[in-house]
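This report concerns only the one structure given below.
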Amino acid sequence: MKADTQITVGDHAATAHVFGLTLSLDVIWVTLFAAAIVLTLVFTVRKNVTAGVPGKLQLFWETLFEQVNELIDS
């Protein structure tokens, strides 16, 4: 194994060309994976949502939502 291997910034291993656009497949897969995690959290919180005392996951989600909403407003 070489110790002097260089990683080029912006160089993607697998790309696809669709309608004149170059798509980085690794970025697409990671984005889909992250979306799956977020959707799983959303549906889990939605199933267990309470109007009274929130659980840990609901409290985390509400805090995250409020911070993002404040960031958007500012």
Side-chain angles (χ1 to χ4, degrees):
M1 184 186 307
K2 290 182 167 181
D4 62 341
T5 304
Q6 297 292 322
I7 299 175
T8 307
V9 176
D11 191 21
H12 297 278
T15 58
H17 300 283
V18 179
F19 301 116
L21 298 173
T22 302
L23 304 174
S24 303
L25 298 179
D26 55 345
V27 174
I28 292 172
W29 283 114
V30 170
T31 302
L32 291 174
F33 182 71
I37 291 172
V38 170
L39 288 174
T40 301
L41 282 172
V42 166
F43 287 121
T44 302
V45 169
R46 182 176 173 221
K47 183 178 78 171
N48 298 326
V49 70
T50 61
V53 178
K56 290 179 182 178
L57 188 57
Q58 182 179 348
L59 185 60
F60 167 76
W61 194 255
E62 287 179 5
T63 303
L64 181 67
F65 181 79
E66 286 178 15
Q67 288 180 353
V68 170
N69 199 17
E70 288 176 10
L71 183 64
I72 291 170
D73 286 342
S74 67

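Since we're looking at a predicted model, the values are computed, not measured.
Screening Leu23, Thr22, Val27 for a side-chain contact (heavy atoms from CB on, under 4.5 Å) with Thr15, the sole residue that qualifies is Thr22. The only option from Val42, Thr44, Ile37 that meets the side-chain contact (heavy atoms from CB on, under 4.5 Å) definition with Thr40 turns out to be Thr44. Only one option out of Leu32, Thr31, Val30 pairs with Ile28 in a side-chain contact (heavy atoms from CB on, under 4.5 Å); it is Leu32.
In this structure, Thr63 OG1 and Gln58 CD are separated by 10.0 Å, a value rounded to the nearest 0.5 Å. Distance check, rounded to the nearest 0.5 Å: CZ of Phe60 to CG of Leu57 gives 8.0 Å.
Taking 4.5 Å as the limit, some side-chain heavy atom of Trp61 sits within range of a side-chain heavy atom of Leu64.
Among all heavy-atom pairs drawn from Ala16 and Leu25, the shortest one is CB-CD2, 4.0 Å.
Cluster note: Phe43 groups with Leu39 through ILVMFWY side-chain heavy atoms spaced under 4.5 Å, whether in direct contact or through intervening members.
If you chain together hydrophobic residues whose side chains sit under 4.5 Å apart, Phe65 and Leu59 never meet in one group.
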